[in-house]
Amino acid sequence: MTKQTEAVGHAVRAAYMYSAMAEVAALTGDEAYRQALIKLWEDVVFRKMYLTGGIGSTGAWEGFGPAYNLPNGSAYCETCASIANAFWNYRMFLLEGEAKYLDVFERIIYNGVLSGISLPGDRFFYANPLASFGQHERTPWFGCACCPPNIARFLPQLGQYVYATSGDRLFVNLYAAGSGQIEVNGLKIRLEQKTNYPWEGEIGLTVNPQKEGHFILMLRIPGWALGQPVPGDLYSYAGQTRPKPVVKVNGQEVELKLENGFLPVDRKWQPGDQVEISLPMEPHQVLANEKVKDDNGLVAVERGPIVYCAEWADNQGRVSQLLLPLGARLRAEYKPDLLGGVTIVQGEGKAFKIEKGRMISQPQNITLIPYYAWAHRGRGEMAVWLAREEARVRPVPEPSLASKAKVEASEGAKGAKFVNDQYEPQSSNDHSVGYLHWWPKKGTTEWVSYEWASPVKISGVAVYWFDDTGEGECRVPESWKLYYKQGDRWIEVKNTGAYGVEKDKFNVVKFSPVKTAGLKLELKLQKDFSAGLQEWKVN
């Protein structure tokens, strides 16, 4: 373990192991463990962590991918991995005494963890993607039910992370309304916070020692309030200036001379002393390191510790067609009746669509909600990262023959509605868009059909197969055929070429034109494998 410098393998198990290593290092003073942990932490936070604090980019082994490989739609970001990452970062703070670990901890609890549970607390996400095309919704339970009880364990324990002590130092790690009892060198102290954080940046802290006493109050000044969303250069704010935090003790401003991310206030404290902290809460645009190819040409939005996303319900039914330009003026507004009470962020952008074969745009007000609150208003599009360049926009396509059809599929099919959603995949193994599959059925003959309200003339189709070789058990089919409906009968089309089964491309089939109200694709699954379709076009 002491020779490991890169985080690999299963993200949950890794972060739990790193948490234990941090405790061993703290208790024994083992320098080899400490140095290994620092290198591992830097590998994760500087190269392998999502903006939400989530870790584990791939579902194949529920774990870490290569450096800077952070796809959004197929992001795994298991809820348990976020919780394990929080455990690890808090223990790194206890080991090192630096606020940067708490900056990551805070990012995780407000974003990566909270996304894993619904607002009523009765439905859960196992994986927490940063983009969706309508294929995601929380479920009441899982066959591998690690995430729901892990959340039930973690959330009620958050109070224990608010304060910490070391010698004559009392650390204020998190800002949250409430009170706590702490003892520093035998002096009992009651602390009370009054705040509406994270929606507002004003924090009032009343310090009530049992009697007058000297200790150092260590106030964490969050990295985001100082212009750095996360430690390292994986993410940065898009050139916006921001006011500085202001701290006052009994009305007197304290100079911001930080020590490892904390502002030390060293004095004799009296019962009733008042500390006021004002943190800037303007929304800001976020850019990813250019090495994160999936986020090139995209921009995200944060306000305080909260990561935001655009969701279909607030943006005329879709979000992939939106462009939020760099420098767009962002404004925040608290909505007490929306999603349990949230502050939304709005900005002026553009919406793109295809009209008569040309891409056109028009101004559109873009509304963003906190990422943790998505997926409460039905299935639909969601994105944390929005296009800031036209090349990254997915314009709303014109209706097609396929998109107008009613879709049905054989028993056991999952995701049939995605075969005509007009989202073109990047590869056969693209999990970011929805797809149809029959897993765990194997070696069987299956079908999927289109039905129109009135007969249409058809002379060709294009099929993009789903194949997750290397990750799952779906493969291109052994063979397939195409039938059109004539009365009550299904008749095979007069195909002029081969029925293609190639991966990572549309397999085009042309046939003698037919006029029909129904089309059926019948496929034979390979022995010992299942199969699926990404998209099925009709000409």
Side-chain angles (χ1 to χ4, degrees), residues 1-50 53-58 60-70 76-78 80-109 112-113 146 150 153-154 157 160-161 163-171 173-174 216 218 220 223 228-235 258-262 264 289 291:
M1 291 186 290
T2 58
K3 295 180 180 179
Q4 188 177 359
T5 59
E6 295 183 19
V8 297
H10 196 276
V12 181
R13 294 171 184 170
Y16 280 151
M17 183 180 75
Y18 303 153
S19 300
M21 288 171 64
E23 292 192 337
V24 170
L27 292 170
T28 67
D30 192 311
E31 185 62 17
Y33 266 28
R34 178 176 169 272
Q35 291 300 324
L37 284 165
I38 290 172
K39 291 176 182 177
L40 288 164
W41 184 85
E42 290 179 349
D43 182 54
V44 172
V45 175
F46 294 1
R47 291 177 281 274
K48 297 177 180 176
M49 187 176 74
Y50 283 91
I55 57 174
S57 62
T58 177
W61 51 88
E62 299 185 323
F64 298 105
Y68 304 105
N69 179 42
L70 296 167
Y76 201 64
C77 289
E78 185 181 337
C80 283
S82 289
I83 293 173
N85 196 22
F87 286 153
W88 177 30
N89 274 274
Y90 192 77
R91 284 155 179 78
M92 289 299 292
F93 156 68
L94 295 178
L95 176 64
E96 296 290 297
E98 295 188 40
K100 64 183 181 181
Y101 301 109
L102 294 171
D103 289 345
V104 177
F105 179 91
E106 180 182 61
R107 177 168 296 272
I108 296 165
I109 63 173
V113 171
C146 52
N150 212 358
R153 169 184 67 160
F154 180 68
Q157 295 178 339
Q160 68 180 295
Y161 301 109
Y163 304 109
T165 63
S166 178
D168 61 352
R169 299 187 168 207
L170 196 169
F171 292 82
N173 301 329
L174 302 173
I216 304 171
M218 304 290 287
R220 183 176 71 92
Q228 186 179 36
V230 295
D233 65 351
L234 187 56
Y235 304 106
L258 302 187
E259 181 182 311
N260 292 328
F262 290 91
N289 188 302
K291 294 178 182 177

Tell me, with the steps shown, if V44 and I55 meet side chain to side chain contact (heavy atoms under 4.5 Å, CB included). CA-CA 8 Å; V44 172; I55 57 174; 3.8 Å; yes

Looking at [Y] and [X], is any side-chain nitrogen of the basic one under 4.0 Å from a carboxylate oxygen of the acidic one?
X: E42; Y: K39; result: no
X: E96; Y: R34; result: yes
X: E6; Y: R47; result: no

Locate the shortest heavy-atom distance separating [X] from [Y]; write the atom from each residue and the value.
X: A25; Y: L37; value: CB-CD1, 4.4 Å
X: A86; Y: I108; value: N-CD1, 3.6 Å
X: P264; Y: E259; value: CG-OE1, 4.1 Å
X: S57; Y: G65; value: OG-N, 3.4 Å
X: A36; Y: M21; value: CB-CE, 4.4 Å
X: A164; Y: F93; value: CB-CE2, 3.9 Å

Would D103 and R220 count as a side chain to side chain contact (heavy atoms under 4.5 Å, CB included) here? Give the steps. CA-CA 9 Å; D103 289 345; R220 183 176 71 92; 2.6 Å; yes

Check: [Y] main-chain N/O paired with [X] side-chain donor or acceptor under 3.5 Å:
X: N289; Y: Y235; value: no
X: N85; Y: A81; value: no
X: D43; Y: A7; value: yes

Give, for atom [atom1] of [X] and atom [atom2] of [Y], the distance between the pair rounded to the nearest 0.5 Å.
X: N89; Y: S19; atom1: CG; atom2: OG; result: 8.5 Å
X: Q35; Y: T5; atom1: CD; atom2: OG1; result: 12.5 Å
X: L174; Y: Q160; atom1: CG; atom2: CD; result: 11.0 Å
X: C80; Y: H10; atom1: SG; atom2: NE2; result: 8.5 Å
X: K48; Y: L234; atom1: NZ; atom2: CG; result: 12.0 Å

Going by heavy atoms in the side chains, are [X] and [Y] under 4.5 Å from each other?
X: C146; Y: E78; answer: yes
X: I83; Y: F154; answer: yes
X: F46; Y: P231; answer: yes
X: Y50; Y: L70; answer: yes
X: L102; Y: F262; answer: yes
X: V104; Y: V45; answer: yes
X: V230; Y: M49; answer: yes
X: T58; Y: E62; answer: no

Taking the six-membered ring for Trp and the full ring for Phe, Tyr or His, determine whether the centres of [X] and [Y] are under 6.0 Å apart.
X: Y101; Y: W41; result: yes
X: Y163; Y: F171; result: no
X: F105; Y: F87; result: no

Trace of the side chain to side chain contact (heavy atoms under 4.5 Å, CB included) decision for M92 with E98: CA-CA 8 Å; M92 289 299 292; E98 295 188 40; over 6 Å; no

Determine the interplanar angle of the Y90 and Y161 rings, folded into 0 to 90°, and report it as parallel if under 30°, tilted if 30 to 60°, perpendicular if over 60°. perpendicular

Could you please spell out the steps behind the side chain to side chain contact (heavy atoms under 4.5 Å, CB included) verdict for N69 and F64? CA-CA 9 Å; N69 179 42; F64 298 105; over 6 Å; no

